[in-house]
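Heads up, the thing below is written out as structure tokens.
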There are 2 protein chains.
Amino acid sequence: MDLTERKLKILQAIVGDFIHSAEPVGSRTLSKHHDIGASAATIRNEMSDLEEMGYLTHPHTSAGRVPSDKAYRLYVNSLMDKYVIPEQEKKAISEQLVSKVTELDKTLSHASELLAQLTKLTSFAVTPAQDENALKYINILPVDENTAVLMIVAENDRVMNTAIRMRSSYDAKSLELLSKVLTKNYKGRAINSMLAVDIISDIHREAAPLSQLAKEIEPSFRNTIENMLDVDLYINGLENIFSIPEYTDLNRAKNFMDMVGHKQALTKLIMDRDSGVIVTIGGENGPESLKESSLITATYTVNGKMVGKLGVIGPTRMRYSEITSVIEYLTENLDRAFRLPEGDEDDEGRDE
Amino acid sequence: MDLTERKLKILQAIVGDFIHSAEPVGSRTLSKHHDIGASAATIRNEMSDLEEMGYLTHPHTSAGRVPSDKAYRLYVNSLMDKYVIPEQEKKAISEQLVSKVTELDKTLSHASELLAQLTKLTSFAVTPAQDENALKYINILPVDENTAVLMIVAENDRVMNTAIRMRSSYDAKSLELLSKVLTKNYKGRAINSMLAVDIISDIHREAAPLSQLAKEIEPSFRNTIENMLDVDLYINGLENIFSIPEYTDLNRAKNFMDMVGHKQALTKLIMDRDSGVIVTIGGENGPESLKESSLITATYTVNGKMVGKLGVIGPTRMRYSEITSVIEYLTENLDRAFRLPEGDEDDEGRDE
DNA sequence: TGTTAGCACTCATATTCATCGAGTGCTAAC
DNA sequence: GTTAGCACTCGATGAATATGAGTGCTAACA
């Protein structure tokens with residue numbers, strides 16, 4: 001069976017109506033409210049065909065039709081109109097996101113809030129993954145008699161540090177030397193590759209007198225690397241799901257919260273997605289807990305290098321057109337906010 | 001009217017029953033299940049008195065009695081039995097909380113998770129406020145030609161830093177000098193008092209040649225101080241409220257999520273509470289959004305100095321005895337986990 | 001051959017009504 | 001002061017019924 005022009009028109013009308021009403025769509029309503037150019041009876045026949053083809057389902061015999069994941073997919077790919085964001089909303093978004101690059105975390109958390117507010121869904125944002133980032137600088141600084149601070153700077157100037165309580169007394173010169181050796185050794189290496197490094201033997205081989213110190217530093221070093229690799233996940237707008245008919249069923253609401261509560265799993269899921277604005281619908285998401293939800297994510301970049309994600313999660317019946325547009329516009333603004341003001345550097349990722 | 005022995009007994013029975021059943025308690029049920037030593041009719045009379053005194057209410061004429069906030073308060077203060085935590089649960093808690101002081105954030109977030117799981121309520125934890133903490137060390141390190149890192153260490157060895165993109169070229173000597181002057185000037189000052197400091201004029205007065213540099217550093221300095229003063233709020237167990245009868249009403253659930261979603265307000269509310277295990281019931285909480293909830297918070301200390309809070313939030317009908325015990329035990333363990341292993345320092349706060 | 005009107009049938013939802021029972025408050029007797 | 005007895009209240013439960021949007025099928029039509 002073919003997807004004729006008319007079938008597409010009907011499908012589009014059904015998806016569009018259902019997205020706004022959350023009510024199964026019947027043939028008569030459709031013929032009245034849309035200019036299909038066919039009677040209710042004809043539409044009924046077409047609907048029956050569409051159901052056979054897997055685009056529609058039937059909650060029960062005497063109810064109207066409801067789009068399947070497959071229908072939403074078709075809708076998103078080719079049926080939906082492009083949503084045009086009103087100028088005043090654009091302006092509001094832009095104004096909210098003016099920021100300094102040093103406050104990445106706050107800006108991001110703010111962007112997530114904004115997204116929840118704009119879409120009236122649950123939104124999230126993850127800080128950029130540092131995995132592939134290169135180490136740039138390692139320094140261990142004496143602070144007082146028994147404290148030093150280990151500081152690791154990545155190529156993108158993200159800094160992470162840990163205070164170290166020194167067991168034995170130490171001398172500043174050794175620390176300085178150790179810092180130099182460490183920087184020399186590991187500068188340029190990807191941060192995630194550092195977990196596999198055995199700094200104790202490396203130092204032992206190269207600068208045996210520093211061995212003891214290296215041993216003492218090692219756990220903190222490892223720790224700091226791990227912390228650098230961690231990303232944060234911000235979630236906002238959980239309360240919004242209560243205004244969505246799909247979640248008036250307590251069980252559904254609970255499942256939703258349960259799923260969102262598993263931050264680790266959610267973070268991984270989000271990070272593993274492709275770049276750009278990506279829509280996944282119901283079953284396409286994989287995990288059982290997301291069978292009735294859709295995810296829309298987008299990628300933002302910091303200074304053209306670090307890459308993070310943000311997006312929304314909601315029922316499969318979602319205002320796809322509007323939301324993809326908003327997310328896209330939001331990330332464009334984030335990219336701009338996260339671009340270095342001037343003093344660029346020896347890298348790609350400059351396009352304006 | 002007096003709270004006779006019998007009235008107290010009845011009140012205790014009602015609160016105890018209601019906490020577990022969530023159903024209004026009637027006189028007959030009470031006389032059957034508890035050894036009050038009076039008939040249902042007598043109990044009825046007493047209940048009527050208790051209602052008049054404000055300890056009980058009536059959802060409707062023909063329903064049993066429900067405790068008021070005032071009753072819960074009396075119950076918490078003097079009626080409830082002390083809950084004894086089973087040894088095996090104690091062991092489980094202790095094992096979960098072994099930690100290193102360097103990973104305060106992770107341990108805390110973990111403690112919050114654990115608390116949600118143990119209480120089957122919504123839990124939260126805030127990182128310690130740094131307001132009163134003293135500055136110990138300021139350093140601005142050259143990283144490469146156009147980047148430096150500003151690092152501020154507090155007396156308790158919490159470190160915060162920001163990468164600074166230098167506008168003009170700078171020389172390492174000046175940075176070092178500036179660091180020294182800054183440290184000398186501000187060492188020992190409370191972090192929150194630093195927001196009022198005008199480092200530009202201070203430097204101008206003391207070391208005029210560094211003025212230009214100070215100007216360049218200033219925004220980052222301010223920023224870093226602000227970041228140090230920020231606390232994080234972890235929330236867990238949001239999904240738990242769906243198993244609580246009080247929140248099967250969608251509206252209540254939404255209000256709850258709304259309230260928890262206002263993280264700033266919630267953080268402030270938590271931080272402003274007194275030390276120790278504190279219970280506030282319904283209207284005692286202040287804000288309208290918490291009129292039907294109770295909060296239990298406790299204080300943990302890091303190395304006897306920094307002080308943070310954690311706790312749970314749930315319906316006023318809460319297992320107060322069990323939960324206060326669990327929170328108390330948990331914070332004791334946290335205190336232990338956050339105590340420095342050895343090499344103590346020149347300070348108070350050592351008690352074991 | 002595709003389209004349409006007509007009609008019987010389905011089934012979730014809303015409404016009404018009676019019943020049930022836990023609980024109260026009051027009275028009168030102990 | 002305590003208790004038994006009793007009328008009364010009122011939410012909850014459940015059966016019976018009506019409603020109506022919607023379907024699928026058939027037969028007529030262009």
Side-chain angles (χ1 to χ4, degrees), chain A residues 1-11 13-15 17-18 20-68 245-246 248-249 252, chain B residues 1-11 13-15 17-18 20-68 245-246 248-250:
Chain A
M1 213 172 332
D2 251 7
L3 270 178
T4 60
E5 198 63 32
R6 189 168 67 189
K7 280 196 172 59
L8 287 175
K9 210 165 173 184
I10 290 173
L11 197 53
I14 292 178
V15 177
D17 274 20
F18 186 68
H20 285 100
S21 71
E23 299 286 325
V25 186
S27 55
R28 252 183 72 78
T29 337
L30 212 59
S31 78
K32 261 188 286 183
H33 298 323
H34 294 266
D35 187 22
I36 308 279
S39 73
T42 309
I43 293 179
R44 250 187 329 266
N45 290 331
E46 297 282 49
M47 279 172 153
S48 179
D49 290 352
L50 286 167
E51 180 159 0
E52 207 179 314
M53 296 163 81
Y55 289 103
L56 296 176
T57 44
H58 236 176
H60 56 87
T61 338
S62 69
R65 294 319 207 284
V66 166
S68 65
E246 273 82 346
T248 47
D249 179 50
R252 292 254 185 110
Chain B
M1 211 169 341
D2 250 11
L3 270 178
T4 60
E5 198 63 33
R6 189 169 66 190
K7 281 195 172 62
L8 287 174
K9 209 165 174 182
I10 290 173
L11 197 54
I14 292 177
V15 177
D17 275 19
F18 185 68
H20 286 100
S21 70
E23 299 287 324
V25 186
S27 56
R28 252 183 72 78
T29 337
L30 211 60
S31 80
K32 261 189 287 184
H33 299 322
H34 293 267
D35 188 22
I36 309 278
S39 75
T42 309
I43 293 178
R44 238 169 1 247
N45 289 332
E46 296 284 49
M47 279 172 152
S48 180
D49 290 353
L50 285 167
E51 182 160 357
E52 207 180 313
M53 296 163 81
Y55 290 103
L56 297 176
T57 43
H58 238 176
H60 57 88
T61 337
S62 70
R65 294 317 206 287
V66 166
S68 66
E246 272 83 347
T248 46
D249 178 50
L250 260 236

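As a basis for the values below, the full set of heavy atoms in this structure was taken, side chains included, without hydrogen atoms, waters or symmetry mates. By convention in this document, chain letters (A, B, ...) are assigned in the order of the sequence lines, proteins followed by strands, and residues within each chain are numbered from 1.
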Can you tell me how far C1' of D/dG24 sits from CD1 of A/I43, to the nearest Å? 16 Å
Within residues 52-61 of chain A, the residues having a heavy atom closer than 4.0 Å to DNA chain D are A/H58, A/T61
Round to a whole Å and report the spacing from CD of B/E23 to P of D/dG11. 15 Å
Respond yes when some side-chain nitrogen or oxygen of B/S48 is under 4.0 Å from OP1 or OP2 of C/dT24, and no when none is. no
Could you grab the distance from atom OG1 of A/T248 to atom CD of A/E246, nearest 0.5 Å is fine? 8.0 Å
dist B/I43:CD1 -> B/K9:NZ (nearest 0.5 Å) comes out at 10.0 Å
Tell me the interatomic distance from A/D17, atom CG, to D/dA21, atom P, rounded to whole angstroms. 16 Å
Pairs under 3.5 Å (Watson-Crick or G-U), crossing ones as [ ], inter-strand ones as |: DNA chain C comes out as ||||||||||||||||||||||||||||||
Run the numbers on B/L50 and B/L3 for side chain to side chain contact (heavy atoms under 4.5 Å, CB included), then give the verdict. CA-CA 8 Å; B/L50 285 167; B/L3 270 178; 3.8 Å; yes
For C/dT24 and B/S62 - does any side-chain N or O of the residue sit under 4.0 Å from the phosphate oxygens OP1/OP2? no
Would a distance-only check, ignoring hydrogens and angles, find a side-chain to backbone donor-acceptor pair under 3.5 Å from B/S68 to B/G54? yes
Side-chain N or O of A/R6 less than 4.0 angstrom from OP1 or OP2 on C/dT3? yes
Rounded off to whole Å, could you give me the CG-to-P distance for the A/N45 and D/dA27 pair? 15 Å
Rounded to whole Å, CG of A/D2 lies from P of C/dG2 at a distance of 13 Å
If you assign A/T29 and B/A40 each to the DNA chain D nucleotide with the nearest heavy atom, which residue ends up on the more 5' nucleotide? B/A40
Those residues at least two apart in sequence (or on a different chain) that pass side chain to side chain donor-acceptor pair (under 3.5 Å) with A/E51 are A/R65
Distance, rounded to the nearest Å, where B/I10 contributes CD1 and D/dT2 contributes C1': 12 Å
State whether B/R65 places a side-chain N or O below 4.0 Å from either non-bridging phosphate oxygen (OP1 or OP2) of C/dG25. yes
Could you walk me through whether B/H34 and B/T29 pass the side chain to side chain contact (heavy atoms under 4.5 Å, CB included) test, one step at a time? CA-CA 8 Å; B/H34 293 267; B/T29 337; over 6 Å; no
Pair of N/O donor and acceptor under 3.5 Å linking C/dG6 base with A/R28 side chain: no
With respect to the phosphate group of C/dT3, does any side-chain polar atom (N or O) of A/T42 fall under 4.0 Å of OP1 or OP2? no
Separation of A/R6 CZ from A/L11 CG (nearest 0.5 Å): 13.5 Å
Test your reading of the model: is there a side-chain donor-acceptor pair from B/S27 to the backbone of B/R44, 3.5 Å cut-off? no
The side chain of A/M47 lies closest to which of these nucleotides: C/dT24, C/dT4, D/dT23? D/dT23
Could you walk me through whether A/E46 and A/D49 pass the side chain to side chain contact (heavy atoms under 4.5 Å, CB included) test, one step at a time? CA-CA 5 Å; A/E46 297 282 49; A/D49 290 352; 3.7 Å; yes
For a quick check of understanding: with a heavy-atom distance under 4.0 Å over all strands, which category does B/A41 fall into, base, sugar-phosphate or nothing? base
Passes side chain to side chain contact (heavy atoms under 4.5 Å, CB included), B/I10 versus B/K7? Steps please. CA-CA 5 Å; B/I10 290 173; B/K7 281 195 172 62; 5.7 Å; no
Specify the separation, in whole Å, of atom CD1 of A/I14 and atom P of D/dT23. 9 Å
Rounded to the nearest Å, what distance is computed from the CZ atom of residue B/R44 to the P atom of nucleotide C/dT27? 14 Å
